[in-house]
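Below is one structure, written out as structure tokens; comments come after it.
Residues: numbered from 1 along the sequence shown. We use all heavy atoms of the structure for the numbers below, so side chains are in, but hydrogens, waters and symmetry mates are not.
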Amino acid sequence: MFVTDSVKYIGADDKDIDLFESQYVVPEGVSYNSYVIMDDKITVMDTVDKRATDEWVSNLKEALGGKQPEYLVISHLEPDHAANIQKIAEMYPGMKLVGNAKTFQMLPQFFDFDMSGRMVTVKEGDELTIGSHTLQFFMAPMVHWPEVMVTYEKSEKILFSADGFGKFGALDSDDDDWACEARRYYFNIVGKYGAQVQALLKKASGLDISIICPLHGPVLKEDLGYYINKYDIWSSYEPEDKGVLVAYASIHGNTATAAKECAEMFKNKGVEKLELFDLSRDDMAEAIEAAFRYDRMVLASATYDGGLFPVMEDFLAHLKSKNYQKRKVALIENGSWAPVAAKKMEDMLSGMKNIEICGKRVSIKSVMKEDDKAAIGELVEAMA
């Protein structure tokens with residue numbers, strides 16, 4: 001992947017990984033991005049996951065052409081970016097490590113090698129001149145680890161954005177819709193930290209940025225306002241689209257039938273953007289993405305052991321952990337003798353910010369009847 005004449009991409013695609021962070025399905029794989037700035041003092045920007053060590057080392061050596069790097073900038077210590085810090089440090093004993101105080105506090109937790117005399121500690125706004133390029137560092141704590149920082153290269157106006165503006169998918173995947181996998185990546189990886197992302201966006205607004213180089217996904221060079229606007233919407237927890245997510249947790253299919261009836265009624269009402277998720281079978285990360293994307297959500301759950309069917313409880317727990325807020329939610333419950341799912345769902349939603357619970361709720365006893373259809377129609381009317 002071409003960045004500029006002096007900035008070389010040395011990352012790697014991982015198309016064999018089954019689960020990113022041992023929880024997110026990535027059918028199109030993922031990229032681990034790393035870069036080299038060729039100048040008087042050659043600077044490597046991050047390493048990669050151990051799964052891609054051999055390819056990365058080969059790419060690094062090819063880019064260097066026998067030269068020695070002066071610096072390794074460590075943006076983020078999560079192992080998918082930092083697994084090869086000790087390896088490159090041992091390959092090039094004269095190379096210095098650039099990070100912030102928190103970086104060097106945490107680094108010995110991952111590695112065991114002598115860093116004495118090799119640490120260059122930077123703080124907010126510090127600059128490092130490496131020849132015709134000048135690097136300026138900005139702290140981005142909790143986006144999404146405490147040691148994260150981003151680097152702005154002043155001469156070519158490049159923002160090395162750490163996990164910011166990243167996405168799932170290998171670089172040679174067929175997915176042309178950046179927003180889809182970037183949204184799923186954002187809300188599941190970074191979503192909890194909207195306030196911190198907003199703080200970083202404020203810093204970035206003062207920079208003249210021509211290129212964004214993230215640690216996952218493609219280098220962004222055109223229409224940067226589009227990507228920055230998406231991040232502004234996502235990190236402020238505002239709905240991206242007017243639409244409805246209908247998410248259901250069904251044991252024997254009866255709650256599913258009610259949820260599908262509800263979705264069909266929304267379509268008949270002219271709601272164009274609507275997604276229906278079976279929480280037992282569909283990708284949980286995509287359901288979370290959809291919940292944040294739309295301004296409304298309908299939850300339909302069976303009662304189970306006097307509580308919620310586990311996949312619904314898990315879904316709501318995920319939403320709370322990612323700071324779900326500013327949405328309108330309607331509830332459908334099912335139960336054969338003591339339906340309590342609606343109350344349990346409302347109890348979990350009450351711990352989230354600015355959630356409006358629709359006054360029309362539906363309580364089904366086992367199998368949906370005509371009266372239940374009418375009640376679902378009233379719920380849809382109130383939400384549509």
Step-by-step side-chain contact (heavy atoms from CB on, under 4.5 Å) determination, Y32 to L215: CA-CA 6 Å; Y32 310 119; L215 287 178; over 6 Å; no

Salt bridge (Lys or Arg N to Asp or Glu O under 4.0 Å) assessment of E333 paired with R361: CA-CA 8 Å; E333 67 176 0; R361 67 176 56 182; over 6 Å; no

Check against salt bridge (Lys or Arg N to Asp or Glu O under 4.0 Å), E181 and R184: CA-CA 5 Å; E181 284 294 69; R184 187 165 74 98; 2.8 Å; yes

Intermediate values then yes/no, side-chain contact (heavy atoms from CB on, under 4.5 Å), M265 and I376: CA-CA 8 Å; M265 289 183 181; I376 293 172; 3.7 Å; yes

Pair R183-E289, salt bridge (Lys or Arg N to Asp or Glu O under 4.0 Å): steps then yes or no: CA-CA 6 Å; R183 185 189 300 107; E289 172 199 345; 2.9 Å; yes

Derivation of the side-chain contact (heavy atoms from CB on, under 4.5 Å) call for V380 and C262: CA-CA 7 Å; V380 169; C262 180; 3.9 Å; yes

Criterion salt bridge (Lys or Arg N to Asp or Glu O under 4.0 Å) on E272 and K242, from CA distance to verdict: CA-CA 9 Å; E272 295 181 0; K242 288 188 177 297; over 6 Å; no

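Checked against the 6.0 Å centroid threshold, Y227 and F165 do not count as a close aromatic pair. Aromatic ring centres of Y324 and F292 lie closer together than 6.0 Å.
With 3.5 Å as the limit, one finds a donor-acceptor pair spanning the side chains of E275 and Y294. Looking only at atom types and distance, the side chain of E153 has no donor-acceptor partner in the side chain of T151 under 3.5 Å away. A side-chain N or O of D80 and one of H216 form a donor-acceptor pair less than 3.5 Å apart. Judged purely by distance below 3.5 Å, without hydrogens or angles, the side chains of D232 and Q198 pair a donor atom with an acceptor atom. Judged purely by distance below 3.5 Å, without hydrogens or angles, the side chains of D39 and H133 pair a donor atom with an acceptor atom. Donor-acceptor pairing under 3.5 Å is recorded for the side chains of S6 and E156. The closest side-chain donor-acceptor pair between D46 and S34, if any, does not fall under 3.5 angstrom. There is no side-chain donor-acceptor pair under 3.5 Å between E147 and T103. In this structure, a donor-acceptor pair under 3.5 Å is present between the side chains of H144 and D163. In this structure, a donor-acceptor pair under 3.5 Å is absent between the side chains of S31 and D13. Remark: the T47 side chain and the N84 side chain contain no N/O donor-acceptor pair separated by less than 3.5 Å.
For K15 and E28, the salt-bridge test fails: no basic side-chain N is under 4.0 Å from an acidic carboxylate O. A salt bridge links K269 with E381; the closest basic N to acidic carboxylate O contact falls under 4.0 Å. Electrostatic pairing of E370 and K373 counts as a salt bridge here, judged by a charged N lying under 4.0 Å from a carboxylate O.
A donor-acceptor distance shorter than 3.5 angstrom exists from the side chain of Y24 to the backbone of N188, with no hydrogens or angles considered. Panel note: side chain N334, backbone S366; a donor-acceptor pair is recorded below 3.5 Å. Between the side chain of K8 and the main chain of D5, a donor-acceptor pair closer than 3.5 Å is present. In this structure a side-chain-to-backbone donor-acceptor pair under 3.5 Å is missing from D49 to A52. The backbone N or O of G307 sits nowhere less than 3.5 Å from a side-chain atom of D305 that would complete a donor-acceptor pair. Judged by distance alone, with hydrogens and angles left aside, the side-chain atoms of T303 form a donor-acceptor pair with the main-chain N or O of A341 at under 3.5 Å. A distance-only check finds a donor-acceptor pair linking the side chain of N33 to the backbone of G217 [under 3.5 Å]. Of the possible donor and acceptor atoms, none in the side chain of D372 sits under 3.5 Å from a partner among the backbone N and O of I364. Not one N or O on the side chain of Y237 forms a donor-acceptor pair closer than 3.5 Å with the backbone of K353. Between the side chain of D282 and the backbone N or O of D278, at least one donor-acceptor pair lies under 3.5 Å.
L72 places none of its side-chain heavy atoms less than 4.5 Å from the side chain of K96. With contacts defined as side-chain heavy-atom distances shorter than 4.5 Å, the pair Q68/M95 does not qualify. Side-chain contact check for L331 versus V362: every heavy-atom pair is 4.5 Å or farther apart. You'll find the side chain of V329 stays beyond 4.5 Å of the side chain of V298, heavy atoms only.
The line from OG of S132 to CG of D40 is 7.0 Å long, rounded to the nearest 0.5 Å. Atoms CD1 and CE, from I74 and M106 in turn, are 11.5 Å apart once rounded to the nearest 0.5 Å. Taken to the nearest 0.5 Å, the CG atom of L299 stands 11.5 Å off from the SG atom of C358. Taken from CG in L279 to OG1 in T255, the straight-line distance is 11.5 Å, to the nearest 0.5 Å. Put simply, CG on D371 and NZ on K365 are 12.5 Å apart, with the number rounded to the nearest 0.5 Å. Atom CZ of F160 sits about 8.5 Å away from atom CD1 of I211, to the nearest 0.5 Å.
Enclosure of atom CD in E222 is not indicated, since only 12 or fewer non-hydrogen atoms of other residues, nucleotides or ligands lie within 6.0 angstrom. By the neighbour-count criterion of 12 heavy atoms within 6.0 Å, atom NZ of K61 is sparsely surrounded, having that number or fewer from other residues, nucleotides or ligands. Counting non-hydrogen atoms of other residues, nucleotides and ligands closer than 6.0 Å to NZ of K203 gives a total above 12. Annotation for K344: atom NZ does not count as buried by contact number, only 12 or fewer foreign heavy atoms lying within 6.0 Å. Counted within 6.0 Å of NZ on K326, heavy atoms from surrounding residues, nucleotides or ligands total more than 12; the atom is thus considered enclosed. When the shell of 6.0 Å around CD of Q23 is examined, it contains more than 12 heavy atoms from other residues, nucleotides or ligands. Within 6.0 Å of the NZ atom in K230, the count of heavy atoms belonging to other residues, nucleotides or ligands exceeds 12. Within a 6.0 Å sphere centred on CG of D223, heavy atoms belonging to other residues, nucleotides or ligands number more than 12.
Using bins of under 30°, 30° to 60° and over 60° for the plane-to-plane angle, the ring pair W234/Y231 lands in the tilted bin. The aromatic rings of Y35 and Y9 stand perpendicular to each other, their planes meeting at an angle above 60°, with 30° marking the opposite boundary.
Linking Ile, Leu, Val, Met, Phe, Trp and Tyr residues whenever their side-chain heavy atoms come within less than 4.5 Å places M45 and V219 in a single cluster. Hydrophobic clustering of Ile, Leu, Val, Met, Phe, Trp and Tyr side chains at less than 4.5 Å, counting indirect connections, keeps I158 apart from L200. I209 and I37 are not part of a single hydrophobic cluster, where members link through side-chain heavy atoms under 4.5 Å apart. Hydrophobic clustering keeps M1 apart from L64 (ILVMFWY residues linked when any side-chain heavy atoms are closer than 4.5 Å, directly or through intermediates). Note on M119 and V148: same hydrophobic cluster, where clusters join Ile, Leu, Val, Met, Phe, Trp and Tyr whose side-chain heavy atoms are under 4.5 Å apart, directly or indirectly.
Residues satisfying the salt bridge (charged side-chain N to carboxylate O under 4.0 Å, His left out) test with K154, not counting sequence neighbours, are E127.
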